[in-house]
Novice: 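Handing you a structure now.
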Amino acid sequence: MDFKARFAPSPTGKVHIGNIRTAIFNWLYTRHCGGEFLLRIEDTDLERSTKQAIDALYDCMKWLGLDYDGTPMYQTTQSGAHREAARKLMEAGHAYELNPGEENSPVLFRLPYDCDSFPFVRTVGDVKIETAPETPVSISRAGLVWSIVNHKGKTVESAACLAGFKDLQIYAADNTLLFSLNEETLPGIAAAKDPMVFENAAYFTFTRREVFFVDLVKGELSKPLDSIKDLIIIRSDSSPVFHLANVCDDVTQGVTHIVRGDDHVENTFRHLFIFQTLGFKVPTYAHLPMLVNAAGKPYSKRDGDAFVGDFREKGFLPEAFFNYLSLLGWSPGDNREKMNRQELIEAFTLEHAQRSPAQFDMVKLMNMNGLYIAEMPQAEFEQAVWDFAARWEWRTNADRATFHKVAELMQSRTKTYMDAQTWSYFFSEEFEFDPKGFNKFMKEDARAALTELAAILENMTGTAATDFEEAIRKAETAHTIAQGKLNQPLRICLTGITVGAGVYETAEILGKESCIRRIRRALAHENG
RNA sequence: GUUCCCAUCGUCUAGAGGCCUAGGACACCAGGUUUUCAUCCUGGUAACAGGGGUUCGAAUCCCCUUGGGAAUGCCA
């Protein structure tokens, strides 16, 4: 099957979830269709593209298992091809210098006036536009400029390409024909140095045409040609602009399916013409809705909490992160959510891609991550957290045997590896008490029972969780405390916090001597 | 301003004119299990933006309104 999709990020900053979601969709779609997934680094913005950003990009893709086919293309290596394409367009009359003859004139792509035969152009109908009085209509090689009076009575200026105005006729208020645009007058306009200005123009008529294409996500999309301007493809410093580079590279890489963000829809209307005039088949497009942050705004490089690399640092599993992101703007069409990579590939078609923006929900990601952690083999979980915990001081005095037991106990309670930060109390007796929990549970009767418990533990011979349980029951009975009510006070003594593993198991891991010390330390601590 | 796009629980979503008394998930609330914590189980609150059409029948099709987003760069 001839299917090539690509991911074409510009390495101007750390890759964020919006970017990588696009990569994931491209990847899934490609793998589903059995095509090739290509990578192109759009590094033409020399000012802002950095080596670090490129490295981070590769790193994130590797972490997420986004493998690509072939060698990545660096856009900067293609500038020769871009200039050659511009030269060809110029030669064919599809591009022109804004200021002919001048030294550093930018080059513009001309939307072709003669485009009725293009498969993505169709005629809409005849249109009459009344221009604002006292404002001229001017026409030049760059297009038409005019003003209208809007419904609020304000005069607003508009401009569009010549191709937007097939059979244009400009009239004065007394219906005198001022100018006709057609095959005969067109070359004169294109060649003229200065624009033609019609001071007394009152209205003009033309045949409206529109550009349209069928988007795999959004369906048919269209836009009138008289709302599009010619676009700069070569800057005055002779460097190629995105529009040209992007199209050329897609041609060079043989891309057949372009899956990208919503924000490119407007570009697509213009890129279609570049493909066509360059003599290439236009690719199939799919525009994904944007990902928005908690404020409902599209993710940008300013959203500091949205960098892909940070999710690894926060202790998320790549599979969970991948799974969650695949569900943002897409669903398999049934009630499945937790899906492995193979299931995602099999189910992934653009039919079920959403048309509206999706909001990223950290809480749901956490939940999904917890699901993935819960099903990890215990040994794998233990090793992963051990490695992750290298960043915390408590690991330096943690022995692996104890850690093994802790990990076993904590796995079902862990949402992200970051949760293990609180495991420090297993390895140090110098922890802080949570003031709220401490005051809640360290009441007078609890203190008395705990004092008793410490004494009971002194004489306890067993070391199993059940032995601790028995000792606690004894202390409760001795002080007429309801069965089980000493659990939380003891937990505070042993861990400083109110949540954790089962308290008997926790005590077993800590050992009798440490438990006694911890209880006495807590008893010496004043309520706040 | 102009053009384009979008609109189902708080959030992610199912929904292709009758299967909808609108389903699932997260979150939240209430119970249960665990003598404790977490997991887990059961139940609950909660949505078709508004108004017109078309139709025997509309969340679904059309129009308008409102709201949101994008483009309108010699950024990509």
Side-chain angles (χ1 to χ4, degrees), chain A residues 8-12 42-45 47-49 75 98 104-108 147-148 150-152 154-160 215 218-219 221-224 226-229 231-243 245-246 260-270 287 289-290 292 294 296-298 324 327-338 351-352 354-368 370 374 409-415 469 472-473 476 482-491 495 497-506:
Chain A
S10 60
T12 54
E42 302 210 331
D43 54 351
T44 46
D45 188 342
E47 300 280 300
R48 298 189 297 144
S49 296
Q75 191 159 59
L98 184 60
N104 301 310
S105 175
V107 176
L108 278 82
S147 295
I148 58 155
N150 71 8
H151 62 280
K152 285 180 185 163
K154 221 174 118 186
T155 300
V156 290
E157 193 179 89
S158 298
D215 187 276
K218 294 178 172 274
L221 262 21
S222 63
K223 189 178 173 71
D226 53 296
S227 67
I228 303 177
K229 285 195 261 189
L231 55 150
I232 290 175
I233 51 174
I234 300 285
R235 296 189 187 90
S236 43
D237 68 358
S238 83
S239 64
V241 172
F242 162 75
H243 302 291
N246 192 260
R260 46 155 50 154
D262 229 352
D263 49 337
H264 282 294
V265 169
E266 304 278 333
N267 290 332
T268 301
F269 290 121
R270 306 193 284 186
H287 289 93
M290 309 297 281
V292 296
K297 303 287 177 193
Y324 176 70
L327 259 21
L328 243 34
W330 177 83
S331 85
D334 49 40
N335 283 336
R336 285 181 296 168
E337 288 200 336
K338 186 165 174 299
E351 270 171 68
H352 284 108
Q354 206 72 8
R355 291 151 196 252
S356 49
Q359 196 173 91
F360 182 85
D361 181 3
M362 182 64 97
V363 178
K364 181 140 182 166
L365 203 214
M366 287 259 208
N367 176 273
M368 180 155 285
L409 225 47
M410 299 305 283
Q411 185 168 355
S412 69
R413 295 152 228 266
T414 304
K415 295 284 184 208
E469 185 176 358
I472 295 162
R473 296 292 87 84
E476 282 167 348
Q483 302 287 282
K485 289 293 180 198
L486 202 53
N487 285 331
Q488 283 299 77
L490 177 60
R491 180 188 297 283
T495 71
I497 53 180
T498 55
V499 293
V503 72
Y504 319 133
E505 288 77 10
T506 302

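By convention in this document, chain letters (A, B, ...) are assigned in the order of the sequence lines, proteins followed by strands, and residues within each chain are numbered from 1.
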Novice: Just how far is it from atom CD1 of Ile497(A) to atom CD of Gln488(A), taken to the nearest 0.5 Å?
Specialist: 10.5 Å

Novice: Among the nucleotides U35(B), C74(B), A27(B), which one has an atom lying closest to any side-chain atom of Pro106(A)?
Specialist: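 Closest of the options to the side chain of Pro106(A): C74(B).
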
Novice: Less than 4.0 angstrom between a side-chain N/O of Arg260(A) and OP1 or OP2 of A76(B), yes or no?
Specialist: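 For Arg260(A), the contact criterion (side-chain N or O under 4.0 Å from OP1 or OP2 of A76(B)) is not met.
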
Novice: Rounded to whole angstrom units, what separation is found between the CG atom of Asn367(A) and the P atom of A38(B)?
Specialist: 15 Å

Novice: Without decimals, in angstroms, what is the distance between Ile233(A) CD1 and A76(B) P?
Specialist: 13 Å

Novice: Would you say the side-chain atoms of Arg260(A) and Thr268(A) include a donor-acceptor pair closer than 3.5 Å?
Specialist: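 Looking only at side-chain atoms, Thr268(A) and Arg260(A) do form a donor-acceptor pair, the distance falling under 3.5 Å.
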
Novice: Looking across every strand, which nucleic acid part, if any, lies under 4.0 Å from Glu351(A) by heavy atom: base, sugar-phosphate, or nothing?
Specialist: base

Novice: Give me the distance, rounded to whole Å, that separates A49(B) from C9(B) when you measure between the C1' atoms they each carry.
Specialist: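 Approximately 14 Å lies between the C1' atom of A49(B) and that of C9(B).
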
Novice: Whole angstrom is fine here: how far is it from CZ in Arg270(A) over to P in C4(B)?
Specialist: 15 Å

Novice: Once you apply a heavy-atom cut-off of 4.0 Å, does Leu221(A) come out as touching a base, just sugar-phosphate, or nothing?
Specialist: sugar-phosphate

Novice: Counting any heavy atom closer than 4.0 Å, what does Lys218(A) reach on the DNA or RNA strands: base, sugar-phosphate only, or nothing?
Specialist: sugar-phosphate

Novice: Measure from the side chain of Asn487(A), starting at C-beta and using heavy atoms only, and say which of C37(B), U39(B), U36(B) lies closest.
Specialist: U36(B)

Novice: Grab the CZ-P distance between Arg336(A) and C26(B) for me, whole Å please.
Specialist: 17 Å

Novice: Looking only at non-hydrogen atoms, find the nearest pair between Asp215(A) and His287(A) and report the distance.
Specialist: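 Nearest pair, atom of Asp215(A) first, then His287(A): OD2-ND1, 2.6 Å.
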
Novice: For C48(B) and U8(B), measure between their C1' atoms and round to the nearest Å.
Specialist: 4 Å

Novice: How many angstroms lie between atom OG1 of Thr506(A) and atom CG of Leu409(A), to the nearest 0.5 angstrom?
Specialist: 5.5 Å

Novice: Please report the distance separating the P of C64(B) from the corresponding atom of U2(B), rounded so that it comes out in whole Å.
Specialist: 15 Å

Novice: Would you mind telling me which residue lines up with the more 5' stretch of RNA chain B, Phe242(A) or Arg355(A), judged by nearest nucleotide?
Specialist: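 Result: Arg355(A).
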
Novice: Tell me the partner of A38(B), counting only Watson-Crick (N1-N3 plus N6-O4 or O6-N4) or G-U wobble (N1-O2 and O6-N3) with both under 3.5 Å; none if nothing fits.
Specialist: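 The base-pairing partner of A38(B), which may sit in any strand shown, does not exist here.
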
Novice: Mapping Phe269(A) and Arg413(A) to their closest nucleotides on RNA chain B, which lands nearer the 5' end?
Specialist: Phe269(A)

Novice: Atom CG of Asp262(A) to atom P of C4(B): distance rounded to whole Å?
Specialist: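 Going from CG in Asp262(A) over to P in C4(B) covers 15 Å.
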
Novice: Using purine N1 to pyrimidine N3 plus N6-O4 or O6-N4 for Watson-Crick, or N1-O2 and O6-N3 for G-U wobble, both under 3.5 Å, which nucleotide pairs with C28(B)?
Specialist: G44(B)

Novice: What nucleotide among U72(B), C37(B), C4(B) has an atom nearest to a side-chain atom of Val499(A)?
Specialist: C37(B)

Novice: How long is the gap from CD on Gln483(A) to NZ on Lys485(A), to the nearest 0.5 Å?
Specialist: 11.5 Å

Novice: For the pair Thr44(A) and Gln75(A), evaluate side-chain contact (heavy atoms from CB on, under 4.5 Å) and give the outcome as yes or no after the intermediate values.
Specialist: CA-CA 6 Å; Thr44(A) 46; Gln75(A) 191 159 59; 3.4 Å; yes

Novice: Would you say Arg235(A) and Ser239(A) are linked by a side-chain donor-acceptor pair, where the criterion is simply a distance under 3.5 Å?
Specialist: yes

Novice: Go through the N and O atoms of the side chain of Arg491(A) and the base of U36(B), and report whether any donor-acceptor pair is under 3.5 Å.
Specialist: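 Checked by distance alone, the answer is yes.
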
Novice: Quote, to the nearest angstrom, the P distance that separates C37(B) from G32(B).
Specialist: 13 Å

Novice: Classify Gln483(A) by what it touches in the nucleic acid, base, sugar-phosphate, or nothing, heavy-atom distance under 4.0 Å.
Specialist: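 Base, at least one base atom sits under 4.0 Å.
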
Novice: If I pick the P atom on C28(B) and the same atom on A38(B), what distance separates them, to the nearest angstrom?
Specialist: 12 Å

Novice: Quick check for you: among A38(B), C74(B), G1(B), whose closest atom lies nearest to any side-chain atom of Val156(A)?
Specialist: G1(B)

Novice: CD of Gln488(A) versus P of U36(B): gap in Å, rounded?
Specialist: 9 Å

Novice: Does Asn267(A) contact A76(B) through a side-chain donor or acceptor facing the base, at a distance under 3.5 Å?
Specialist: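 Checked by distance alone, the answer is yes.
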
Novice: What nucleotide among C4(B), U36(B), U39(B) has an atom nearest to a side-chain atom of Glu266(A)?
Specialist: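 In terms of side-chain proximity for Glu266(A), the closest of C4(B), U36(B), U39(B) is C4(B).
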
Novice: Using the ring pair (Phe, Tyr, Trp, His ring centres under 6.0 Å) rule, take Phe242(A) and His264(A) through it: C-alpha gap first, then chi angles, then the decisive distance, then the call.
Specialist: CA-CA 12 Å; Phe242(A) 162 75; His264(A) 282 294; 5.6 Å; yes

Novice: Reckon Ser222(A) touches a base, only the sugar-phosphate, or nothing at all at heavy-atom distances under 4.0 Å?
Specialist: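 Result for Ser222(A) = sugar-phosphate.
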
Novice: How far does the C1' atom of A46(B) sit from the matching atom of A22(B), given to the nearest Å?
Specialist: 13 Å

Novice: If U3(B) has a Watson-Crick or G-U wobble mate with both distances under 3.5 Å, name it; if not, just say none.
Specialist: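 Base partner found: A70(B).
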
Novice: Below 3.5 Å between N/O atoms, which protein atoms pair up with nucleotides 11-15 of chain B? Just atom names and distances, please.
Specialist:
unit_1, atom_1, unit_2, atom_2, d
C12(B), OP1, Gln359(A), N, 3.0
C12(B), O2', Leu327(A), O, 3.0
U13(B), OP1, Gly329(A), N, 2.3
U13(B), O3', Ser331(A), OG, 3.4
A14(B), OP1, Ser331(A), OG, 3.2
A14(B), OP2, Gln354(A), OE1, 3.1
A14(B), OP2, Gln354(A), NE2, 3.4
G15(B), OP1, His352(A), NE2, 3.4

Novice: Measure CG/Leu409(A) against P/U39(B) and give the value in whole Å, please.
Specialist: 14 Å

Novice: Tyr324(A) and Met368(A): which non-hydrogen atoms are nearest, and at how many Å?
Specialist: N-SD, 3.7 Å

Novice: State which of A76(B), U35(B), C75(B) makes the closest approach to the side chain of Gln75(A).
Specialist: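 Nearest to the side chain of Gln75(A) among the choices is A76(B).
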
Novice: Only pairs with both distances under 3.5 Å count, Watson-Crick or wobble alike; so what is the partner of C61(B) in this structure?
Specialist: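 Across any shown strand, C61(B) pairs with G53(B).
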
Novice: For a quick check of understanding: with a heavy-atom distance under 4.0 Å over all strands, which category does Pro289(A) fall into, base, sugar-phosphate or nothing?
Specialist: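 Nothing: the residue Pro289(A), judged by heavy atoms under 4.0 Å, touches no strand.
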
Novice: By the 4.0 Å heavy-atom rule, please label Val503(A) as base, sugar-phosphate, or nothing.
Specialist: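 Contact class for Val503(A): base.
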
Novice: Would you say Ser158(A) reaches G1(B)'s phosphate, i.e. side-chain N/O to OP1/OP2 under 4.0 Å?
Specialist: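 No, because none of the side-chain N or O atoms of Ser158(A) sits under 4.0 Å from OP1 or OP2 of G1(B).
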
Novice: Can you tell which of C75(B), G69(B), U3(B) lies closest to the side chain of Ser227(A)?
Specialist: U3(B)

Novice: Without decimals, in angstroms, what is the distance between Met410(A) CE and C37(B) C1'?
Specialist: 9 Å

Novice: Could you tell me how far A59(B) sits from G17(B) if I compare only their P atoms? Round to whole Å.
Specialist: 13 Å

Novice: Using the side-chain contact (heavy atoms from CB on, under 4.5 Å) rule, take Thr155(A) and Ile148(A) through it: C-alpha gap first, then chi angles, then the decisive distance, then the call.
Specialist: CA-CA 6 Å; Thr155(A) 300; Ile148(A) 58 155; over 6 Å; no

Novice: Can you check the distance between C40(B) and U55(B), where both ends of the measurement are the C1' atom (answer in whole Å)?
Specialist: 49 Å

Novice: Please report the shortest heavy-atom distance between Glu476(A) and Leu486(A), naming the atom on each side.
Specialist: OE2-N, 3.0 Å

Novice: Between U35(B), C74(B), U72(B), spot the one nearest the side chain of Lys229(A), thanks.
Specialist: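 That would be U72(B).
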
